[in-house]
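Okay, structure first, notes after.
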Amino acid sequence: MTLKKQLEDLRDRAIKNIDSTLTLNDLNQIRVEILGKKGPMTEVLRGMKDLSASERPVVGSYANEIRDVITEKIEKKKIFLEAVKLNQTLKEEKIDVTLSGKKVPQGVRHVLSQTLNEIEDIFLGMGYEIIEGYEVEKDYYNFERMNIPKEHPARDMQDTFYITDDVLLRTHTSPVQARTMEVHDFSRGPLRMISPGKVFRRDTDDATHSHQFNQVEGLVVDKGITMGDLKGTLEVMVKKMFGQERKIRLRPSYFPFTEPSVEVDVSCFKCGGTGCNVCKHTGWIEILGAGMVHPNVLEMSGIDSNEYSGFAFGLGAERVAMLRYGINDIRHFYQNDFRFLEQFKIKE
Ligand code: PHE
């Protein structure tokens, strides 16, 4: 067989094999077998040494041509097989984007925290400071400095958890008034503060009573503070909390630490004042206690009551939240039932 014929046979066999190959591995095998050092192509080229000088270049270039044809054929097949393999992989590893994802539940700020934050924002906007007091307080600040001496009948109004004879769980946030007044430096401006926080009373828990709840104390002391300032301030707060159409009403009341003392009502936001079950058909809802700071309280804090005057108020945070959202049981705030808490989505 001539070398030329051998080369053509080799080419035809290679092309047939390459065409029928199905994997990249087999293809590589073919390349090594045909074009490799020990393969038939090398053998043909080796046989060229027996050719005459005139035949050699002719057969040589023919051999190169055929090697190029085979190489190109292999390259093309390689590209094809790679594409097939990629398609296969893409098919197998396809991500099903229609599968529904896992829901990450979003928490809700506690309705009481939301209410307290709102009240704080209102007063911060009017230039008040927020002061924190102590939940475990001295009898002295909780009562004496609030003009409620020992044996004073007003102590019965607030059933107290005593820790020792002199230390108790505060029954109201009013002791923060005394603590703030005794350190305030009036040369730096008037005293304007609110103090939100927990208070404790020996009450039996039911729908409207709790042994623990939250108050927001308010206190303003300066020269020339009047009842008009108190009323105006509370009006601003009430309108922001309950709506611009709300009115407030002051009724005479009694607290040992304020004189005069008032109970503050807001016009019913459910019926608008005509009477309904929320306002018990009076058109008004009681929301807080307030008054002008008693001269004794100012004097005990080292403030001259002839020069300075002030107003104070104390608001129950649960009561405000219950009224606003129509919550009918104060115990909901502490039972941590998600079905209750989730209803109050953050409005930030
Ligand atoms: N401390 C009073 C209470 O708990 C509320 C109050 C505060 C009343 C300030 C007047 C002024 O009942």
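Counting begins at 1 with the first residue of the sequence. These numbers come from a predicted model, not from an experiment. When a ligand or atom number is given, it counts from 1 through the structure's own listing order.
- When ring centroids are compared, Phe255 and His172 stay outside the 6.0 Å threshold.
- Note on residues 61-108: no pairs pass ring-ring contact (aromatic ring centres under 6.0 Å, His included), not counting sequence neighbours.
- Proximity to Ser174 (heavy-atom distance under 4.0 Å) selects the following atoms of ligand 1: 1 (N), 7 (C).
- With respect to Val199, the side-chain contact (heavy atoms from CB on, under 4.5 Å) criterion is satisfied by exactly one of Glu137, His211, Gln215, Glu217: Gln215.
- Proximity of Phe313 to ligand 1, defined as any heavy-atom pair under 4.0 Å, is confined to the backbone N, CA, C and O atoms.
- Of all the listed residues (Gly316, Pro256, Ala290), Ala290 holds the heavy atom that lies closest to atom 10 (C) of ligand 1.
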Which donor-acceptor pairs under 3.5 Å do the side chains of residues 281-295 make with protein atoms, sequence neighbours left out?
| unit_1 | atom_1 | unit_2 | atom_2 | d |
| --- | --- | --- | --- | --- |
| Thr282 | OG1 | Cys279 | O | 2.7 |
| Thr282 | OG1 | Trp284 | N | 3.1 |
| Thr282 | OG1 | Trp284 | O | 2.9 |
| His294 | ND1 | Asn296 | N | 3.0 |

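- Those atoms of ligand 1 that come under 4.0 Å of a heavy atom in Gln215, given as number and element, are 3 (C), 4 (O).
- Contact annotation for Arg170 and ligand 1: no heavy atom of the residue comes within less than 4.0 Å of the ligand.
- Around CD of Gln335, the count of heavy atoms belonging to other residues, nucleotides or ligands within 6.0 Å exceeds 12.
- For ligand 1, the polar-atom distance check against His172 finds a nitrogen or oxygen pair separated by under 3.5 Å.
- In this structure, a donor-acceptor pair under 3.5 Å is absent between the side chains of Tyr325 and Gln114.
- Below 4.0 Å from some heavy atom of Arg201 lie the following atoms of ligand 1, by number and element: 3 (C), 4 (O), 12 (O).
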